Participant: 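Okay, handing you the structure first.
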Amino acid sequence: MAGAKIDAKVVLLGSSYVGKTCVVQRYLKNQFTGDTVPYQNTIGAAYGAKSLTINGSTVILGIWDTAGSERYEAMSRIYYRGAKAAILCFDLTDKSSFDRIRFWIGELRQHEENCRIYICATKYDLVEEHPELRAVSKSAAKSLAVDCLADLYETSSKTGKDIERLFTQIAEDYVKARAETLEKEKDCIKLGETPGRKSRCPCR
């Protein structure tokens, strides 16, 4: 496993204006332009990539930033097909964006059930400075995360809070899951089974 080159597809999903593009820009370029550049809707999806080293292996995260507008939702399925991780984003100051997360959970469970979910609460800097703006309690967000077996991150693209930690965790989780799958496949081969086929095969 050490020294391997691993590609992992990551997709960001969520309503318009929650800050998905800002999350990606902070991670890929360590930049925040939200206060200086006029907002522009993502049309379809935007792609970027970043490599990092996990346990001696090079992991290349291919990151798809999808449009949040409801008219692009069917198109989003094209971009999360085959994704290893989905970052579901909501704005801590916008309850409706949080409520919409359950829609994306349902979409992934129906169309990409092996995709691991991470919940990303955005604009933490706003609620830290102005607590009265918080529209989603941390307990409510944690409860949703527990329901869908996801990790919760309260992030700020402006300050960089937990952005790096989120993507690093995604890479670490994928490397670990991939190693476990490879071990199970080896056990299948030892048993004389085809990996994934029923009977004694441990990876069925």
Side-chain angles (χ1 to χ4, degrees), residues 10-28 31-48 63-81 83 85-113 115-163 165-167 169-170:
V10 181
V11 63
L12 282 82
L13 300 167
S15 302
S16 296
Y17 306 106
V18 299
K20 299 186 297 296
T21 299
C22 289
V23 169
V24 174
Q25 287 182 341
R26 170 59 77 178
Y27 180 62
L28 295 180
Q31 293 178 351
F32 176 75
T33 57
D35 292 338
T36 58
V37 177
Y39 179 83
Q40 290 185 330
N41 272 317
T42 301
I43 298 175
Y47 176 80
I63 302 166
W64 289 91
D65 169 22
T66 65
S69 175
E70 289 190 20
R71 69 175 180 267
Y72 293 119
E73 283 175 354
M75 187 185 298
S76 293
R77 293 174 189 166
I78 298 170
Y79 300 110
Y80 64 66
R81 187 176 299 145
I87 303 173
L88 307 187
C89 299
F90 73 92
D91 178 349
L92 283 166
T93 70
D94 180 5
K95 178 67 160 51
S96 65
S97 71
F98 174 69
D99 294 338
R100 195 63 180 163
I101 292 293
R102 289 196 180 275
F103 166 80
W104 291 113
I105 293 171
E107 281 284 292
L108 292 167
R109 291 291 178 255
Q110 182 178 355
H111 300 288
E112 207 64 49
E113 61 181 355
C115 179
R116 185 160 180 166
I117 293 173
Y118 299 79
I119 296 179
C120 176
T122 63
K123 307 183 185 180
Y124 179 81
D125 55 285
L126 288 179
V127 300
E128 184 178 40
E129 187 173 353
H130 304 285
E132 71 278 7
L133 293 178
R134 181 184 275 269
V136 181
S137 69
K138 190 163 187 177
S139 61
K142 277 188 172 180
S143 178
L144 178 60
V146 169
D147 285 348
C148 64
L149 304 177
D151 292 331
L152 169 67
Y153 294 84
E154 290 194 334
T155 69
S156 168
S157 298
K158 186 173 184 177
T159 67
K161 178 186 183 301
D162 281 351
I163 301 290
R165 188 165 74 92
L166 167 59
F167 284 95
Q169 189 63 57
I170 289 171

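We number each residue from 1, following the sequence as shown. Computed from a prediction, not measured in an experiment: that's the story for all the values here.
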Participant: Nearest 0.5 Å, please: how far is CD1 in Ile163 from CD in Gln25?
Facilitator: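 Gln25 CD to Ile163 CD1: 11.5 Å, rounded to 0.5 Å.
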
Participant: Could you tell me if the side chain of Ile105 sits less than 4.5 Å from the side chain of Asp147, heavy atoms only?
Facilitator: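 When only atoms from C-beta onward are counted, Ile105 and Asp147 do not touch, as no gap falls below 4.5 Å.
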
Participant: Within the side chain of Arg109, is there an N or O that forms a donor-acceptor pair under 3.5 Å with the backbone of Cys148?
Facilitator: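 Yes, Arg109 side chain to Cys148 backbone: donor-acceptor pair under 3.5 Å.
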
Participant: Measuring from atom CG of Asp151 to atom SG of Cys120, what distance do you get when rounded to the nearest 0.5 angstrom?
Facilitator: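 Spacing of CG (Asp151) from SG (Cys120) equals 12.0 Å.
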
Participant: Ignoring hydrogens, what is the shortest heavy-atom contact between Phe32 and Cys22? Give both atom names and the distance.
Facilitator: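 Smallest heavy-atom distance, with atoms named: CE1-SG, 4.1 Å.
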
Participant: What's the spacing between Phe167 CZ and Thr155 OG1 if we round to 0.5 Å?
Facilitator: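 Answer for the CZ-OG1 pair, Phe167 versus Thr155, is 9.0 Å.
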
Participant: Compare every heavy atom of Glu154 with every heavy atom of Lys161, then report the nearest pair and how far apart it is.
Facilitator: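 Heavy atoms of Lys161 and Glu154 come nearest at NZ-O, 2.7 Å.
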
Participant: Write down the atom of Val127, the atom of Leu133, and the distance for their closest heavy-atom approach.
Facilitator: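 For Val127 and Leu133, the tightest heavy-atom pair comes out as CG1-C, 4.2 Å.
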
Participant: To the nearest 0.5 angstrom, please state how far the CG atom of Asp162 sits from the CD atom of Gln169.
Facilitator: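 The CG atom of Asp162 sits 11.0 Å away from the CD atom of Gln169.
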
Participant: Nearest 0.5 Å, please: how far is CG in Leu108 from SG in Cys115?
Facilitator: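 Result: 5.0 Å between the selected atoms.
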
Participant: Kindly write out the residues that satisfy ring-ring contact (aromatic ring centres under 6.0 Å, His included) with Tyr118, not counting sequence neighbours, or none if the list is empty.
Facilitator: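 Testing Tyr118 for ring-ring contact (aromatic ring centres under 6.0 Å, His included), a comparison that skips the adjacent residues, returns none.
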
Participant: Just grab all the side chain to side chain donor-acceptor pair (under 3.5 Å) pairs involving residues 121-131, residues at least two apart or on different chains.
Facilitator: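 For residues 121-131, and leaving out neighbouring residues, the side chain to side chain donor-acceptor pair (under 3.5 Å) pairs sorted by first residue read Asp91-Lys123, Asp125-Ser156.
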
Participant: Going by the rule side-chain contact (heavy atoms from CB on, under 4.5 Å), which residues pair with Asp99 if we only count those two or more places apart in sequence or in a different chain?
Facilitator: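 With neighbours one apart ignored, the set is Lys95.
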
Participant: Testing Leu88, Ile117, Val18 one by one against Leu13 for a side chain to side chain contact (heavy atoms under 4.5 Å, CB included), which residue passes?
Facilitator: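 Going through the options one by one, the only one that passes is Leu88.
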
Participant: Is Val23 close to Ile87 at the side-chain level, that is, under 4.5 Å between some pair of heavy atoms?
Facilitator: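 Sidechains of Val23 and Ile87: no contact.
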
Participant: In terms of heavy-atom contacts, does CD of Glu132 have more than 12 from other residues, nucleotides or ligands at under 6.0 Å?
Facilitator: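 Enclosed.
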
Participant: Can you tell me how far CD of Glu107 sits from CD of Glu112, rounded to the nearest 0.5 angstrom?
Facilitator: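 Interatomic distance, Glu112 CD to Glu107 CD, rounded to 0.5 Å: 11.0 Å.
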
Participant: Go through the steps for Asp94 and Tyr17 under the test side-chain contact (heavy atoms from CB on, under 4.5 Å), then give the verdict.
Facilitator: CA-CA 10 Å; Asp94 180 5; Tyr17 306 106; over 6 Å; no

Participant: State, yes or no, whether a side-chain contact exists between Ile119 and Phe90 at a heavy-atom distance under 4.5 Å.
Facilitator: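 They are in side-chain contact.
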
Participant: Has the side chain of Lys20 got a donor or acceptor atom that lies under 3.5 Å from a matching backbone atom of Gly14?
Facilitator: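 At least one qualifying donor-acceptor pair exists.
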
Participant: Contact between Val11 and Thr66 at the side-chain level, heavy atoms closer than 4.5 Å - yes or no?
Facilitator: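 Side chain of Val11 against side chain of Thr66, heavy atoms only: contact under 4.5 Å found.
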
